[in-house]
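Working notes, beginning with the structure itself.
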Amino acid sequence: MTSTASQPTDAAPSVPEHMSNLKVRASDRPWDQLTTAEKLEQVWADPPGVIGWFKALQNDRIGVRIMSTAFLFFVAGGINALLMRVQLAEAESTFLTAQRYNELFTMHGSTMMYLFAVPMMEGFAILILPLILGNREMPFPRLGVFSWFTFLLGGLLFYSSFIAGAVPDTGWFAYAPLSGPEYSPGIAMDYWLLALGVAEVAAIAAGVEIILAILRMRAPGMSLSRMPIYAWAMLVMAFSILFAFTPLIVGSLLLELDRRIGTQFFNPQAGGSPVLWQHIFWIFGHPEVYLQFIPATGIVSMVVPIFSRRSLAGYTWVVIALVATGFLSFGLWVHHMFTVGLPQISMTFFAAAGMMIGIPAGIQIFAWITTIFTGRPVFKVPFLFVIGFLITFVLGGITGIMVSAVPFDWQVHDSYFVVAHFHYVLIGGVTFPIFAGIYHWAPKFTGRLLDERLGKLHFWLYFIGFNVAFFPMHISGFLGMPRRVYTYQEEMGLDIYNLISTIGAFVLALGVAVFISNWFYSRRNGRPAGDNPWNGDTLEWATTSPPANYGFARLPIVHSRYPLWEQVSSSGEVDIFEEDHEPGDTTNTERLLQAMSEWPLRWRAALITGAVDGEPVEIFRVSGPSIWPAVAGVALVTVFGSEVFALHWLTILGLLVFAAALVGWHWPNQLPYTDEEREFEEKYNIPVRPNGSLTIGRWGMALAILLLGIALSSFLFSYFYIRLENPIWPPENLPLPELVRPAIATALMLLAGAVTWWSVNNVHKGNLGRMRLGLMLVFLLGAGALGIMIWEYLQLPFTWQLNAYASIFWAIGGYMLLLLLVALGMNLFVQVWAWQGLYTELDNAAVQNSALFVYGVIAFWIISFGILYLAPRFT
Amino acid sequence: MTTTSADANDRAKRALVLSVLIGPLGWGVFFLVGYLIAEAACQTRILHNSVAGLNLVVVVVLGLALLALLVTGGGAIWNYRRWRERAWNGIRGDRKTEDLATFFALVSMALNVLFALAIVLTALGMLFLEPCQWT
Ligand code: HEM
Ligand SMILES: [Cu+2]
């Protein structure tokens with residue numbers, strides 16, 4: 001197979017320009033004396049030193065950082081829980097005050113729900129997905145860096161509330177009006193809203209990256225019908241993150257505005273409604289539980305087959321179950337509000353979805369049990385945790401069915417029965433699989449296996465401790481112990497159950513301590529794992545442990561769902577490169593991958609594949625290390641953090657730095673498009689994009705627009721909800737909104753859209769002058785629309801403080817103006833680069849992507865215009 | 001790269017993805033629109049007359065359910081046909097669903113059935129309730 005592949009890079013004389021920031025190289029030998037593998041290793045290496053640490057962006061490194069951070073927060077949340085358990089161990093204890101107890105359950109619940117489970121799953125995905133999918137990197141490594149800094153600092157900001165002595169105390173769902181300005185003055189709730197808000201931005205950023213990796217960066221031949229279940233689960237999770245976290249961010253924003261600038265969204269005296277918060281919160285909160293559970297089942301579906309030594313039974317049915325769960329989980333939010341009161345007809349929607357969601361869960365459990373019983377199980381630690389998961393989760397499911405029966409819910413609502421139930425689901429359904437996954441994939445973190453004996457000890461302490469801690473809570477719940485109380489009277493007869501619970505909690509914590517020791521012990525002394533210690537079937541086991549910087553030098557080819565089990569050469573060896581046939585039979589894809597393992601070596605090349613069939617589409621340059629994502633993360637957290645203390649000047653400074661960082665982040669770093677690239681394109685019939693991918697860029701932009709659309713829908717949902725609360729609309733004799741200026745602005749926007757289209761059309765024709773002219777016109781039109789709308793808002797006869805109508809009117813208008821501003825800023829930079837002659841007929845991704853954004857903004861504009869300005873005239 | 005056969009191939013793949021989404025989206029739209037209509041009707045005084053012993057809100061939402069059922073039910077039948085055609089194609093056992101078209105036909109069919117069921121359950125519930133009575 002060596003004869004055909006050209007090796008143009010051997011002619012490349014010196015270190016490529018964009019790598020000059022690598023001060024220390026893997027080897028002191030000159031570049032042209034390095035082997036191919038060494039060159040690859042260098043091109044993909046993170047820069048050294050302290051600054052390099054901030055720039056580092058390799059997926060395995062960022063994945064581990066996110067996971068470690070999430071684990072840190074798990075420990076912090078666990079300490080909160082232990083303190084609560086000490087308080088509850090005996091009746092009428094004075095270990096904690098009532099206030100401190102409120103703070104602790106709020107911090108515990110919020111930490112676990114926002115800072116632990118979801119980021120943990122995302123970190124896992126960033127670490128392991130490129131390996132499982134058989135590609136080299138994540139599509140936007142810089143986004144991963146941004147996500148991690150934002151997450152870490154957002155979480156630390158949240159915990160700094162302890163230092164400030166203003167700890168949030170309204171529970172993990174922060175119900176209004178308790179969390180509003182009247183009942184929660186002070187800055188505690190601002191911590192909750194702003195710190196967690198920024199951490200949610202991090203979760204969304206990682207989610208976007210995960211979606212794109214799964215859909216567009218797989219190994220050739222890995223069609224959707226061959227994709228490992230783990231990737232399916234992560235895909236469903238990532239989409240759910242977009243659809244769940246975005247409304248929560250919008251809701252948090254509205255609540256913060258109520259608290260800070262006197263809007264009236266949740267104030268019933270001014271036409272608002274506290275129940276609106278409950279709706280928005282649970283539109284997020286219910287799927288939130290599933291989006292922790294879905295990736296957990298993804299891990300389980302990877303571990304079960306390997307340790308049962310057979311393929312997963314019912315692959316297709318498991319996929320069906322995952323997709324169905326993802327959608328159905330959004331149709332259940334009201335079941336947390338049964339006690340609020342709803343018309344019966346509305347209830348039927350949720351009740352039906354509630355009955356349905358059991359079906360996919362059942363399908364998955366059935367698939368795992370079948371696999372286990374028809375396989376030949378090996379009881380290693382990862383498998384033990386899976387068994388623990390199955391037992392616990394089934395118990396939690398049973399109590400879940402009980403709680404979802406409406407009359408029963410009224411009975412046990414807000415009792416310890418519910419606390420027991422959701423910990424069975426969350427600890428059983430989420431943390432057991434996470435530990436299973438860590439033991440399973442540890443070789444891909446460190447190259448070593450975790451110790452089996454310590455692992456077993458960890459499992460038994462954790463499993464027994466967990467049940468001892470939480471089973472008695474069912475009983476204390478029945479006996480009438482309400483949740484969220486800091487103590488109870490001796491006469492209630494609850495002491496013994498609570499004491500047992502507390503002992504169990506400490507046993508569980510001991511299990512976690514054993515795990516931590518195992519981790520540090522095995523990192524040095526563990527058994528070296530080799531590539532495939534468990535005889536796994538998926539691609540991550542086809543590369544070294546730990547993986548090289550570039551993951552795979554030569555990308556595998558996939559012809560089976562279980563490539564390592566089924567793609568075997570005639571001599572019986574695993575053959576994921578498909579080398580075992582006559583040279584004459586080599587397919588085009590095989591030749592391409594062979595060539596790609598040796599070229600390009602000057603830039604980080606990865607492969608884009610078809611979303612459905614996984615066939616090669618494009619070779620592109622993954623972006624390299626940069627300081628800007630870290631700066632952007634720090635700046636964004638500063639923006640949110642300074643608002644906690646109402647330091648507006650710092651907020652503005654942070655915003656400026658954030659904007660500058662975004663520009664630096666996307667600053668073009670053009671590589672010449674040389675004969676080498678052209679030759680490769682022709683020889684292998686595939687586009688080569690040394691300056692970033694048009695495809696990935698376009699998909700990224702599409703997801704960004706989707707995200708902004710979800711945010712707009714959340715605003716509009718609030719609008720309709722407030723509309724229903726107010727029989728007269730607009731309320732309080734306010735006039736109907738003025739039409740003239742907004743109509744002119746709309747016309748300008750439409751015109752801007754048309755010119756954008758014309759401009760993009762011209763770049764395709766190579767008519768760059770007209771493209772630049774078009775961009776300029778678009779800017780002028782957009783700026784005109786912006787100016788007119790600002791003028792319009794200045795003329796409004798009311799401010800946002802008047803009533804809920806006024807608040808939502810301003811909020812939606814403000815959101816639209818912000819989007820317009822972003823579009824203008826984007827246009828400005830594209831223009832500058834266009835005048836510098838950066839774009840050509842073939843290389844103009846930024847022009848096309850910014851055009852997409854303009855179309856998106858115009859579409860949103862028209863919807864908002866129709867609803868804010870036109871609709872009230874007809875009702 | 002831009003030959004028409006490649007375009008046709010792209011379109012075929014897009015159709016595959018779309019067929020998966022029909023069921024969930026049909027239910028999703030029904031859910032959202034139906035729920036908003038129901039809330040709006042019960043909060044205000046519109047749609048409160050009764051037709052043939054049923055409250056007008058219920059009639060409207062049931063009509064919507066019927067529409068959604070046509071979509072999901074149709075999707076189920078269409079995909080069942082596709083699946084049967086494929087499944088008898090001579091590919092056997094587990095390998096069968098590794099074939100993209102077969103896989104998508106099966107997934108789409110099952111999702112359509114599942115979400116059709118969700119719609120039916122919702123509609124059935126409505127027949128037995130006092131629509132705007134608060135629980
Ligand atoms: C590590 C062992 C854990 C222990 C000992 C523990 C214990 C507790 C206790 C004592 C409460 C307060 C009950 C009350 O007074 O109402 C609580 C609440 C809660 N826990 Fe845990 N927990 C643990 C792990 C977890 C995990 C892993 C999660 C989620 C992934 C979680 C999520 C929650 C939530 C959401 C609440 C409700 C907070 C609120 O009422 O606002 N817990 N837990
Ligand atoms: Cu729920």
Side-chain angles (χ1 to χ4, degrees), chain A residues 223-226 311 313-317 319-321 323-324 326-328 330-331 334 338-357 359-360 363 406 559-562 566 610-615 617 685-687 713 717 720-721 723-727 875, chain B residues 1 9-10 12-14 16-17 20-21 23-25 27-28 30-32 34-45 55 57-58 61 94-104 106-107 109-111 114-115 117-126 128-135:
Chain A
S223 62
L224 285 181
S225 53
R226 291 193 186 121
S311 57
Y315 170 97
T316 313
W317 292 98
V319 172
I320 292 165
V323 177
F327 278 97
L328 284 171
F330 282 88
V334 165
F338 280 157
T339 44
V340 172
L342 278 178
Q344 292 196 356
I345 183 171
S346 310
M347 202 77 108
T348 54
F349 290 92
F350 301 97
M355 283 183 239
M356 294 297 300
I357 197 124
I359 298 177
I363 292 177
V406 176
H559 288 303
S560 155
R561 263 178 208 158
Y562 324 101
E566 295 190 343
V612 175
D613 58 14
E615 291 307 322
V617 172
N685 191 22
I686 189 168
S713 314
F717 179 89
F720 286 123
Y721 197 87
R723 167 78 189 83
L724 288 178
E725 295 285 311
N726 291 272
T875 50
Chain B
M1 237 180 73
N9 193 10
D10 273 357
K13 278 181 274 178
R14 232 167 280 150
L16 286 182
V17 174
V20 169
L21 294 179
L25 289 186
W27 167 80
F30 162 69
F31 187 102
L32 257 185
Y35 169 68
L36 284 179
I37 291 179
E39 282 280 309
C42 290
Q43 297 257 355
T44 62
R45 298 278 93 202
N55 204 300
V57 203
V58 176
V61 178
D94 199 23
R95 281 281 141 306
K96 212 159 48 188
T97 55
E98 273 198 42
D99 169 54
L100 253 183
T102 318
F103 171 77
F104 269 97
L106 185 56
V107 172
M109 179 179 76
L111 286 175
L114 220 57
F115 284 98
L117 195 61
I119 296 168
V120 169
L121 279 179
T122 317
L124 279 182
M126 259 166 224
F128 302 106
L129 293 172
E130 203 41 59
C132 287
Q133 199 171 73
W134 248 252
T135 54

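Only a predicted model underlies this, so the values are computations on that prediction, with no experimental measurement involved. Reminder, nothing fancy here: chain letters follow the sequence lines and each chain counts from 1.
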Between [atom1] of [X] and [atom2] of [Y], what distance do you get to the nearest 0.5 Å?
X      : Y      : atom1 : atom2 : value
B:E39  : A:L724 : CD    : CG    : 7.0 Å
B:L114 : A:L328 : CG    : CG    : 6.5 Å
A:T348 : B:Y35  : OG1   : OH    : 11.0 Å
A:S346 : B:I37  : OG    : CD1   : 11.5 Å
A:M347 : B:T122 : CE    : OG1   : 13.5 Å

Problem set entry | Nearest heavy-atom neighbours spanning A:V612 and B:L16 | CG1-CD1, 4.3 Å

Exercise. What are the two closest non-hydrogen atoms of A:G331 and B:W27, and how far apart are they?
Worked result: CA-CH2, 3.9 Å

For this session: Decide yes or no on side chain to side chain contact (heavy atoms under 4.5 Å, CB included) for A:F327 and B:L25, but give the supporting numbers first.
Result: CA-CA 9 Å; A:F327 278 97; B:L25 289 186; 4.3 Å; yes

Exercise. Which answer fits B:V107, side chain, backbone, both or neither, if we ask what part of it has an atom under 4.5 Å from a heavy atom of chain A?
Worked result: both

Exercise. Which atoms of B:V120 come close to chain A, meaning under 4.5 Å heavy atom to heavy atom: side chain ones, backbone ones, both, or neither?
Worked result: neither

Exercise. Checking heavy atoms, do the side chain of A:V319, its backbone, both or neither come under 4.5 Å from chain B?
Worked result: side chain

Exercise. What part of A:I359 lies closer than 4.5 angstrom to a heavy atom of chain B: side chain, backbone, both or neither?
Worked result: side chain

Seminar exercise, completed: Of B:V58, B:L111, B:L32, B:L36, the largest count of non-hydrogen pairs under 4.5 angstrom with chain A goes to B:L111

Exercise. Out of B:A118, B:G28, B:C132, which one racks up the most heavy-atom pairs below 4.5 Å with chain A?
Worked result: B:A118

For this session: Could you tell me which residues satisfy ring-ring contact (aromatic ring centres under 6.0 Å, His included) with A:F330, sequence neighbours excluded, listed by chain and number?
Result: none

For this session: Please name all residues satisfying ring-ring contact (aromatic ring centres under 6.0 Å, His included) with B:F30, sequence neighbours left out, ordered by chain then number.
Result: A:F349

Exercise. When you measure from the side chain of B:E98 to the backbone N and O of A:R226, does any donor-acceptor pair fall under 3.5 Å?
Worked result: no

For this session: Determine, stepwise, if the pair B:D99 / A:S225 fulfils side chain to side chain contact (heavy atoms under 4.5 Å, CB included).
Result: CA-CA 7 Å; B:D99 169 54; A:S225 53; over 6 Å; no

Problem set entry | Derivation of the side chain to side chain contact (heavy atoms under 4.5 Å, CB included) call for A:F350 and B:F31 | CA-CA 9 Å; A:F350 301 97; B:F31 187 102; 3.4 Å; yes

